[in-house]
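Worksheet for the structure shown next.
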Amino acid sequence: MAFWKPGTVAPGSTVDRDNEKEAGESIMAVANQSYRYLSIQQQRERLPIFKSRKELLYLVEKYQTVIVVGQTGCGKTTQLPQYLEEAGWAEEGRKIACTQPRRVAATTVAGRVAEEIGCNLGDKVGYTIRFEDVTSQNTRIKYMTDGMLFRETLIDPLLMDYSVIMIDEAHERSLYTDILLGVLKKIQKKRPDLRLIISSATLDAEEFQDFFNTNTSKDKFKDTCSIISLEGRMYPVDILYTVEPVNDYVEKTIQTVFDIHTKEPEGDVLVFMTGREEIDKVVNEISERASTLPRNALGITPLPIYAGLSTEEQAQIFEPTQEGFRKVIVATNIAEASITIDGVVYVIDCGFVKLRAYNPKTGMESLTVAPISKASAKQRAGRAGRLKPGKTFRLYTEQSFMELRDSSVPEIQRSNLAPVILQLKALGIDNVLRFNFLTPPPVEMMIRSLELLYSLNALDNVGRLTIPLGVQLAEFPVDPLLGKVLLASAEFHCSEEILSIAAMLTVQNVYVQPNRVPKDVLTDERRKFWVEEGDHMSLLNIYNAFTTRGKLSGKWCHEHYFNFKALSRAVSIRGQLKKYLARFNIPLESCLQRHGKTATGRVEATRQIRRCITSGYFSQAAKADVDGSGRFRTIRDNVVLNVHPSSVLFSRNAKYVVFHEVIETNQAYMRDITVIEPEWLSELAPHFYEYKK
DNA sequence: GAGCACTGC
């Protein structure tokens, strides 16, 4: 292919096998290939990490922190905790923890290790994720999400249960990974016996080392942190760059798919795009042009995958390729680390990703297309080398690749920090501005969040958590604004309704939009559940319909184009939030059941619910422009906002609203909106609005 | 007047 140029490190070079938990280190995967006759012990000894077993154990003995570098596919996630357990680190009732950024990873690895050890899951080996605690008194090795370990610090600030904590996939720099690193560094000062293992990609290892070495630099000259590199196991992936920069990567993608299809041996293709619109375009174009292929040629099956698809639609990509066809999977970033697809030999990488950013000046989040990092590019390329030697086509020049950031901006630098600040305060870290972050978030973002927490009355005027409100908001596993609404529901006598609304706001993708169904059919179906008061009350209707006449069934969701997975999750979340309300002594009351028998009672009840929502979301209020353009402006800062087209209130004439969130793409859109009366703002949040007016 | 990357408690 004349348009392509091999990368200078390309032929024969190996790329890390990205997600060793799915296949790479699995002894079962190995067993299925050629070592079926080996005992489990023999299989474990064949993994690349086994050669480093002694050295690893020596380092953990000697150093407080050990950084285990990259080269995934070596077995570190499943083997390292077992080595530690075998060496006695889990004796005397102590546990070994291993954190993962994603729930699926925690559960699947735990299952695999339990099988290797030959115990029931939840016995010697277990896992803990939100809504599922599969551990017992006997549990010695505990896999968990990073968010869950952070929750545990609120209960046991020194994490005394654990002798070793392994933070896996630290290079991903998830929000909770970053917070945990800061908190664990503090804990280490008080617990010299605690061992930390940070598993990271090569590029960040020294940053982690510098971070942990500063703990003791003042009086000792010896390092307390060591790095070890492990070799991985995966097939080589050739990397090809374009010779010239690409203007239209959607078109270039389609060309490349056909080039691969007509010139390369068999093997499926995985394409990385940024979002739904591009994916649909690529899939449609491929289908159309596929009909022009010669009659006797191999067929081509394009399939989309992104989070907004229903479970059934997502499942299609895992079905075996039809005889005589080549599968082309067109994906968002979901395929970079969350979903693993077997059979991929070719990867096409457009070089971009959609990222969420937080603007502290407006308090708005934006969703923008940005170039990926070198680490992401490497991760994407690695998806081609799981089955056999593969090829990755990067739709950018090698020069552009060299100019990419080494790794993505950590999540903590682009998030709303209000929840983080509350939780750090609850841990007794009063001066959050001086908290030891691996990479500190911008100071103005911290200050904006502190102001917001003060206006919610979660912090007092010297920045301490208020009692009980601030303390309760820190405990609640929801955003502080939503937490405030939940707590205020006592006053408005509508906790039953608010629980359902809060659960529905917390899950994503309540609606599914199958491509085969015409848009007006979808809209008509949705209107059956919609009410003029806005999205919150409509979500409540959907929740109630799902749990009563919908009988919690997948079939009902399918018929009405709702996402079954999302609604089921809402039911679990509601249950969890209900337990918190019970703990905070907030009575369960339903104003709709009490007053909803008559029309006027119903109107009054929904007013109460909307007032309750306003008592938490008063800072996110907007007023319609008088020109009838449908545009709004935030009441305090005059920022222009539009109604999101998915909202109940799209193309309806509301005057004053509060909104759950704003997503800024080409324009700023409010999502999940409720109609309010302006007097409620001065009544419920005079401190916030008094200088206006 | 017209749009929805991905996680986590």
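Note on naming: letters A, B, ... go to the chains in the order of the sequence lines (proteins, then strands), and numbering restarts at 1 for each one.
Using a 4.0 Å heavy-atom criterion, one finds that A/I129 contacts the sugar-phosphate atoms exclusively. Within the 4.0 angstrom heavy-atom criterion, base atoms lie near A/F650. Counting any heavy atom pair closer than 4.0 Å across all strands shown, A/R103 reaches sugar-phosphate atoms only and no base atom. Base engagement by A/R356 is indicated by at least one non-hydrogen atom pair under 4.0 Å involving a base atom.
When rounded to the nearest whole Å, the span between CG of A/L309 and P of B/dC6 equals 9 Å. Whole-Å rounding puts the A/N653 CG to B/dG1 P distance at 13 Å. For the pair A/I412 CD1 and B/dG8 C1', the computed distance is 13 Å after rounding to whole Å. Straight-line distance from the CD1 atom of A/I372 to the C1' atom of B/dC6: 15 Å, rounded to whole Å. The interatomic distance linking A/L367 (CG) with B/dA5 (C1') rounds to 6 Å, in whole Å. We find that CG of A/L149 is positioned 12 Å from P of B/dC9, with the value rounded to whole Å. Residue A/Q508 contributes atom CD, which lies 8 Å from atom P of B/dT7 at whole-angstrom precision. One can place CD of A/Q100 at 12 Å from P of B/dC9, the figure rounded to the nearest angstrom.
Closest to the side chain of A/I334, from the set B/dA2, B/dT7, B/dA5, is B/dT7. Taking only side-chain atoms of A/Y669, from C-beta outward, the nucleotide of B/dG8, B/dC6, B/dG3 with the closest atom is B/dG3. Considering only side-chain atoms of A/P645, the nucleotide from B/dG8, B/dC4, B/dA2 that sits closest is B/dA2. Comparing B/dC9, B/dA5, B/dC4 by their closest approach to the side chain of A/T145 singles out B/dC9. Proximity note for A/S651 (side chain, C-beta onward) versus B/dA5, B/dC6, B/dG1: the nearest is B/dG1. Listed nucleotides: B/dC6, B/dC9, B/dA2. Nearest to the side chain of A/R130: B/dC9.
Salt bridge A/E169/A/K76: absent, no basic N to carboxylate O contact under 4.0 Å.
Side-chain contact of A/Y617 with A/K484: a donor-acceptor pair under 3.5 Å is absent, judged by distance alone. There is a side-chain donor-acceptor pair under 3.5 Å between A/R173 and A/T439. Donor-acceptor pairing under 3.5 Å is recorded for the side chains of A/D349 and A/Y396.
Phosphate contact (OP1/OP2 of B/dA2, side-chain N/O of A/Q667, threshold under 4.0 Å): present. The side chain of A/T332 places an N or O atom within less than 4.0 Å of a non-bridging phosphate oxygen (OP1 or OP2) of B/dC6.
Glycosidic conformation of B/dC6 is anti; the angle lies outside 90° of 0.
The ring-ring contact (aromatic ring centres under 6.0 Å, His included) check on A/Y306 picks up nothing, with sequence neighbours excluded.
When the nearest nucleotides of DNA chain B are assigned to A/N333 and A/R569 by heavy-atom distance, the more 5′-ward of the two goes with A/N333. Looking at which nucleotide of DNA chain B each of A/Y306 and A/Q423 is closest to, the 5′-most match is held by A/Y306.
Between A/F435 and A/F437, the angle of the ring planes goes over 60°, which puts this pair in the perpendicular group of the 30/60° scheme.
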